[in-house]
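Here the structure comes first, spelled out in C-alpha cells, and everything after it is commentary.
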Amino acid sequence: MDLLTANDRPGVYPASWYAETTPELPVFAPLQGAARADVCVIGGGYTGLSAALYLAQAGFSVTLLEAQRVGFGASGRNGGQVGSGQRQDQNWLERHAPGDARALWEIAEAAKDTVRQLIAEHSIDAGYRPGVAHAVRGAKAADHARRQADRLARDYGYDLCTPLDPAGVGELTGSAAFTGGILDRGAGHLHPLRFCLGLARAAQAAGVGICENSTVRRILPGPRHRVETDAGHVEADHVVLACNGYLGGLDGQVAARVMPINNFIIATEPLDNPEILPGDVAVADDRFVVNYWRMSADRRLLFGGGESYGYRFPKDIAGLVSQPMLAIYPQLNGVKITHAWGGTLAITMNRMPYFARRDRVYTASGYSGHGVAMAVMAGRMIAAVVQGDAAQFDTMARIPARRFPGGAALRAPLLALAMTWYGLRDRLGV
C-alpha cells in the first residue's frame, strides 16, 4: 500500500484545523530532467527541511525532493508538543545506553533550543507557548513522577519540572481524571504546520532547491548517488533519507526497523469553559496509547489519541477520538467536533529514533511520537555529519535498534495484536 496516497489526495494538504489556519506556500515545481547537487534531501518534513537549511547556510548546494507538499506528513499534522528529553526517560537510557545517557539528555535539550532559535531567527509565526504537563493516574505513578522531577534536578541540573499533586493537576488540566504528574516549564507547544512551512521559507531563502510532487522511486549508489523520480533525477555526493513513515521501499534496512502507524486528532468548537486548561499548557497522559491535548489560540481543544490498527484511516475519526476525550472531560459531552484528521508517523521497537549512515547516505526517523524537537535536531545533526562532525549523530546511532519481528508481511499484524493488548490494559487500568 502506498501511504502517500492511501488516505490523502496527491498534492493537497489534508483537511485539518492546522491547514485551515495556515497560509499556504505557492507550489514548488516538481523535478524535471537532470540536476546536480552536493546533497539531495528526500522528504520535506522537519528532518529534511532542517538538514537542507543548515547545509545551505554552510555553503552546500541542496536539492530537496518532496513527494507531496512540504509539511504534508506528520510534521504538519502532529500534536505540536516540543517535549524535553528523549522518547525514553533517563532511567531507560542509563540501562540501555549507559555511556551516552548524559549526552543523549544534552542532545534533547539542544533540540528544544534549536526549535526556539529557528523560530526567532527566521521570524516564524508558530505560536510557540511554554509548558507541557505529564498527567498520571494512581498513587504509584504519581510517586514515580515526583521522583523523576527530583532526579532530573539532582542528576541533570534540570530544575524546570514541578511535581503536581491531585489538586494541582486538577487545577491545571480542568479534569478530575488524574492523581498527579509533572509540569515541565522548559518544554512547550506550537502550531506544527506553520512551523514547518516557516522552515521551508527559510530553506528556500538560503538557496535550497525545493521540488514538490516529486516522488523518489529509487536511489542508485555510486561515486555520485543518483536519486530518480518519474520525471527526472538528481546526482548528489550525499543523500539524506528524511521520509519517516513514508519511506516505502527506498531502503530495506531502515524499513526493517522503522514502522509506519497512524494517529488521530480532533478539534472542538471554540470553548467558553475557562476551567479547561486554564494555564494554556499542553498535556500528555500516562496511557500506553497516549492521549495528548492542548488549547488552540481560538480556544478549541485539540485532542489526539484513539486506537486504529491498519494503514487506512477509520471512517469516523471524530467518534474514535471523542471517546478518550470524554473520559477525561465528561463536561464536554455534546460539544461540536469541527475538525478530525489522521496522520502517518513512524515508530521503532524500542521507541527511540533510528539513526544510521553508510556510503554518504544518512537517515533519521522513527521518532515514535516525540519528533517535533528531535526531528529538527536530527536535520541539524545530519548537516553536521556532512561537514565532518559526526559526534552527536553517532551518539544517537549507537542506541541499539532491533528489527521488527515477522518482516514486512507480519510486522503490522503482530503490532496490532500487541497494541490491542496494551489498549485493553489502559481501559482496565492495569
Side-chain angles (χ1 to χ4, degrees), residues 39-43 45-55 58 60 74-75 83-115 219 221 225 236-247 250-260 345-404 411:
V39 185
C40 180
V41 176
I42 306 172
Y46 295 146
T47 302
L49 289 168
S50 172
L53 172 59
Y54 282 111
L55 286 164
F60 291 85
S75 295
S84 296
Q86 299 284 348
R87 175 60 174 82
Q88 294 283 11
D89 65 19
Q90 291 306 118
N91 292 338
W92 189 96
L93 294 173
E94 289 175 3
R95 291 195 305 273
H96 293 87
D100 288 326
R102 182 166 295 277
L104 290 165
W105 171 263
E106 291 169 354
I107 288 170
E109 283 296 283
K112 294 186 300 183
D113 289 341
T114 298
V115 170
I219 304 167
H225 299 304
D237 300 315
H238 306 268
V239 174
V240 177
L241 278 175
C243 307
N244 206 37
Y246 297 95
L247 178 70
L250 285 180
D251 189 309
Q253 292 192 44
V254 179
R257 296 168 173 84
V258 177
M259 180 174 179
L345 63 149
I347 62 172
T348 60
M349 280 285 290
N350 62 11
R351 298 304 188 268
M352 288 293 291
Y354 176 61
F355 281 63
R357 62 185 178 105
R358 64 182 186 278
D359 302 326
R360 293 168 288 111
V361 177
Y362 317 91
T363 184
S365 57
Y367 302 104
S368 303
H370 194 72
V372 176
M374 279 307 303
V376 174
M377 187 64 185
R380 184 176 182 177
M381 289 188 282
I382 290 170
V385 176
V386 174
Q387 296 173 76
D389 180 3
Q392 288 185 322
F393 185 97
D394 287 349
T395 297
M396 297 295 301
R398 281 195 293 271
I399 300 170
R402 293 169 53 199
R403 291 171 172 261
F404 278 94
R411 64 180 186 175

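Just so you know, these numbers use all the heavy atoms, side chains as well, and skip hydrogens, waters and symmetry mates.
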May I ask you to decide if [Y]'s main-chain N or O and [X]'s side chain share a donor-acceptor pair within less than 3.5 Å?
X	Y	answer
Asp89	Trp92	yes
Asp389	Ala391	yes
Thr47	Ala375	yes
Ser75	Tyr46	yes
Asp359	Pro221	no
Gln387	Ala383	yes
Ser50	Val376	yes

Residues Asp251, Arg358: salt bridge by 4.0 Å N-O rule: yes
Arg360/Asp237 ion pair, N-O < 4.0 Å: no
Nearest 0.5 Å, what's the [atom1]-[atom2] distance between [X] and [Y]?
X	Y	atom1	atom2	result
Thr363	Ile382	OG1	CD1	7.0 Å
Gln88	Ser368	CD	OG	8.5 Å
Arg257	Ile347	CZ	CD1	15.0 Å
His96	Leu104	NE2	CG	13.0 Å
Met349	Arg351	CE	CZ	8.0 Å
Gln86	Met352	CD	CE	4.0 Å

With side chains defined as the heavy atoms from C-beta onward, is the minimum distance between [X] and [Y] less than 4.5 Å?
X	Y	result
Met259	Thr348	no
Cys40	His225	no
Cys243	Leu250	yes

Exercise: do Arg380 and Thr114 side chains pair donor with acceptor under 3.5 Å: yes
Taking all non-hydrogen atoms of both residues into account, name the closest pair between [X] and [Y] and its distance.
X	Y	answer
Ala111	Met374	CB-SD, 4.0 Å
Ser365	Val254	OG-CG1, 4.0 Å
Arg357	Ala390	NH2-CB, 3.6 Å
Ala101	Gln90	O-NE2, 3.2 Å
Pro400	Asn350	O-ND2, 2.6 Å
Val39	Phe60	CG2-CD2, 4.4 Å

Ring pair (Phe, Tyr, Trp, His ring centres under 6.0 Å) contacts in which one or both residues fall within residues 359-386, not counting sequence neighbours: His238-Tyr362
Whether over 12 other heavy atoms sit under 6.0 Å from Arg402 CZ: no
Gln392: side-chain contact (heavy atoms from CB on, under 4.5 Å) partners, not counting sequence neighbours: Ile107, Met377, Met381
